[in-house]
Number of protein chains: 2
Amino acid sequence: MKHATLRQLKVFESVARNLSFTRAAEELHLTQPTVSIQLRQLSDIVGLPLLEQVGKRVFLTDTGRELLKVSHDISEGLARFEMLVSDMKGVKAGKLRLAVITTAKYFIPRLLGPFCQRYPGIDVSLKVTNRERVLQRMIDNEDDLYVLGQPPEHMDVELEPFLENPLVVVAAHDHPLANRKNIPLSRLMEEPFLMREAGSGTRLATERFFGERGEKLKVRMELGSNEAIKQAVAGGLGIAVLSAHTLALERHGDELVYLDVEGFPIRRHWYVGHLKDKQPSVVALAFLDFLREESKLLGEHYLRGIPGFPGFIQDDQSFPAASR
Amino acid sequence: MKHATLRQLKVFESVARNLSFTRAAEELHLTQPTVSIQLRQLSDIVGLPLLEQVGKRVFLTDTGRELLKVSHDISEGLARFEMLVSDMKGVKAGKLRLAVITTAKYFIPRLLGPFCQRYPGIDVSLKVTNRERVLQRMIDNEDDLYVLGQPPEHMDVELEPFLENPLVVVAAHDHPLANRKNIPLSRLMEEPFLMREAGSGTRLATERFFGERGEKLKVRMELGSNEAIKQAVAGGLGIAVLSAHTLALERHGDELVYLDVEGFPIRRHWYVGHLKDKQPSVVALAFLDFLREESKLLGEHYLRGIPGFPGFIQDDQSFPAASR
DNA sequence: GGTAATCATAGATAATAATCTATGATTACT
DNA sequence: AGTAATCATAGATTATTATCTATGATTACC
């Protein structure tokens with residue numbers, strides 16, 4: 001079957017359906033000799049007759065019947081593929097593979113939920129891991145999109161900011177600095193700090209912030225996760241700089257407070273994107289569009305109460321978390 | 001997918017396998033630009049990218065992965081068909097549809113057995129029915145081959161004789177003419193005859209035989225099957241002209257004897273064939289060849305003991321059936 | 001920065017597939 | 001026998017596909 005063509009099979013199907021060369025020709029808007037020749041060619045390729053003529057009547061041979069099955073399978077397979085492609089183009093089908101750094105797990109599900117509702121046919125896969133691994137996955141082209149808090153410096157990537165990611169100083173609610181306003185940075189330097197591991201975006205940003213101001217932190221402890229840091233802070237082991245998002249879901253908790261420190265919150269962003277070379281799929285583009293419009297709402301909702309952000313009332317409410 | 005070609009799919013499969021245009025080109029003995037263009041065309045036809053390049057590395061897109069599945073299905077389906085065709089050509093697969101008149105049921109299974117042993121992959125279908133229906137099936141092109149005792153006169157058929165079909169006169173073993181030799185036809189005319197229905201081959205041949213000799217039969221009864229006729233003969237209701245094959249399997253029975261009648265047995269044949277227009281399949285041709293060689297043996301075996309046929313000893317053995 | 005490797009594009013050619021008109025051959029029907 | 005219907009064949013043309021050479025663009029590596 002090396003040289004059979006899909007056209008020949010289509011003509012054969014028509015003849016097999018009509019059991020007439022002439023009617024097949026009409027159906028396909030061809031002349032009868034065209035049909036005759038196409039069938040002759042196909043029969044020569046197969047090496048056995050596909051049709052037999054008994055008087056004026058046309059019958060399928062056994063071989064012809066088998067070929068008809070194969071031909072139908074092919075037609076149906078291609079038709080299904082076409083439908084799938086159409087759905088993919090219309091964002092009615094397809095896959096979205098996201099890899100996000102750990103901290104993003106606090107808000108990404110809030111975005112994925114509505115996205116999946118809007119595009120119910122999309123298959124979403126979410127990988128949550130540390131920054132280093134996310135970058136490796138990017139290099140290995142394992143996902144469609146990546147969410148990071150800190151753009152990598154030595155990689156050709158295409159990232160856009162889509163959400164504010166303020167870094168705040170947190171302390172135990174009964175910390176001496178808990179209700180002070182505009183705490184000078186120098187006062188803060190006397191406090192022991194709890195840090196994430198080297199390489200984490202938050203740590204990088206923190207070190208840069210203090211480094212630019214000639215300040216050196218007293219690092220009491222490095223901890224491997226935001227949860228551990230929060231527990232240590234609540235236990236009075238020190239203070240920490242964290243993404244405000246790590247606290248967003250625990251707004252009703254009363255163990256941690258933000259410190260109103262001069263220069264804080266550090267205004268940073270969440271970035272989403274991919275390697276520069278990569279061409280985003282239709283689904284990935286749809287998600288990017290969705291992010292652009294939805295993250296505004298999300299930001300307003302979740303960043304409320306954080307000093308410097310919308311919804312933070314300076315006058316009659318000191319600190320929502322501390323007010324509870 | 002109206003305009004995609006099997007060639008394009010083949011090239012795509014190679015690229016997908018190798019994840020490299022250059023290696024695919026080598027594998028297919030083409031130049032790299034050929035491969036590049038083929039993939040570009042296919043991608044344009046589909047309307048979505050099938051491959052993505054990240055740096056020097058080539059990856060399949062989701063769409064590409066789906067197309068690869070479809071392409072494999074197509075390749076596999078065609079490959080299976082090719083194998084089947086090869087088997088059909090080699091008589092290793094295929095179908096044989098036979099329609100035979102009722103009397104042929106006495107010997108056809110003896111031929112089909114060895115044929116099926118020689119060609120175990122052939123699917124055989126045997127239809128046993130009266131002559132009229134066999135002819136109608138032939139007109140309707142329902143089978144591959146037909147077995148008849150009497151060629152139809154007003155149909156364009158291609159039939160060949162393959163086996164002797166002697167018509168003999170049978171009587172009850174205690175019939176007055178049982179042990180007579182060379183019975184004159186005139187004596188036979190005094191006997192009542194039992195006949196098959198009008199239209200049956202045996203009846204036609206019998207009527208022609210006697211007609212040509214100016215004799216008129218006394219038909220006592222018409223019966224619808226050979227079995228009924230044999231029972232009636234054994235019960236003394238009359239004599240009958242029957243194909244020797246109807247008795248072949250009952251050689252050891254002692255109820256019926258052949259009568260040694262002048263002019264008998266009527267030498268006739270079994271015919272096998274089809275409508276003149278019909279092109280016999282590879283399997284049908286194989287069966288015809290098989291019949292040509294096997295029917296000789298069958299004839300020697302089954303016609304032994306019948307006057308006028310090999311193995312009939314005139315001197316010291318009067319009549320094998322009557323000697324029991 | 002230079003080189004090698006790899007894919008993309010431009011332009012051209014060759015090969016193949018698809019199709020048509022005209023006519024022949026055969027069957028079915030009156 | 002004549003006519004209509006239907007498939008096959010011959011010959012020619014058109015359209016499309018497949019492929020190549022040459023070159024450009026980009027990435028990866030040293």
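All heavy atoms count here, side chains included; hydrogens, waters and symmetry mates do not. It should be emphasised that the depicted structure is a prediction, and the values quoted were computed from it without experimental measurement. All chains are named by letter (A, B, ...) in the order of the sequence lines, taking the proteins before the strands, and each is independently numbered beginning at 1.
Both A:Lys276 and B:Val11 lie close to DNA chain D; mapped to their nearest nucleotides by heavy-atom distance, the more 5′-ward contact belongs to B:Val11. Between A:Arg57 and B:Lys56, the residue anchored closer to the 5' end of DNA chain C is B:Lys56, taking for each the nucleotide with the nearest heavy atom. Place A:Gly55 and A:Arg7 on DNA chain C by their nearest nucleotides, and A:Arg7 ends up nearer the 5' end.
Rounded to whole Å, the distance from CG on A:Asp156 to C1' on D:dT27 is 10 Å. The separation between A:Gln38 atom CD and C:dT19 atom C1' is 8 Å, rounded to whole Å. For the pair A:Leu42 CG and C:dA17 P, the computed distance is 12 Å after rounding to whole Å. In this entry the distance linking CG of A:Leu9 with P of C:dA18 reads 10 Å, nearest Å. Distance CG (A:Leu39) to P (C:dA18): 12 Å, rounded to an integer number of Å. Rounded to whole angstrom, the span from the CG atom of B:Asp277 across to the C1' atom of C:dA25 amounts to 13 Å. In this structure, A:Asp44 places its CG atom 13 Å from C1' of D:dA8, rounding to the nearest Å. When the P atom of D:dT27 is taken as reference, atom CD of B:Glu52 falls 15 Å away, rounded to whole Å.
Using a 4.5 Å heavy-atom threshold, the side chains of A:Asn141 and A:Lys278 count as touching. Inter-residue side-chain proximity for B:Arg131 and B:Leu148 is flagged as met; some heavy-atom pair is nearer than 4.5 Å.
Under 4.0 angstrom from either OP1 or OP2 of D:dT9 there lies no side-chain N or O belonging to A:Ser36. Considering only side-chain N and O atoms, A:Gln53 lies nowhere under 4.0 angstrom from the phosphate OP1 or OP2 of C:dT26. B:Arg40 has no side-chain polar atom (N or O) that falls below the 4.0 Å cut-off from OP1 or OP2 of C:dA8. The phosphate of D:dA18 (OP1 or OP2) has a side-chain N or O of B:Thr5 nearer than 4.0 angstrom.
Salt bridge A:Arg292/A:Glu160: present, at least one basic N to carboxylate O contact under 4.0 Å. Note on B:Arg23 versus B:Glu26: no salt bridge recorded, every NZ/NE/NH1/NH2 to OD/OE distance being 4.0 Å or above.
Among the candidates A:Asp144, A:Asp140, A:Asp143, the single residue satisfying the salt bridge (charged side-chain N to carboxylate O under 4.0 Å, His left out) test with A:Arg97 is A:Asp144.
Side chain to side chain, B:Glu27 and B:Ser14 meet the donor-acceptor criterion of an N or O pair below 3.5 Å.
Of the listed nucleotides (D:dT9, D:dC20, C:dA18), C:dA18 has the atom at the smallest distance from the side chain of A:Gln8.
Using a 4.0 Å cut-off on heavy atoms, the residues of residues 21-35 of chain B that approach DNA chain C are B:Phe21, B:Thr22, B:Gln32, B:Pro33, listed by number.
Under the 30°/60° scheme for interplanar angles, the aromatic rings of A:Phe290 and A:Phe287 are found to lie parallel.
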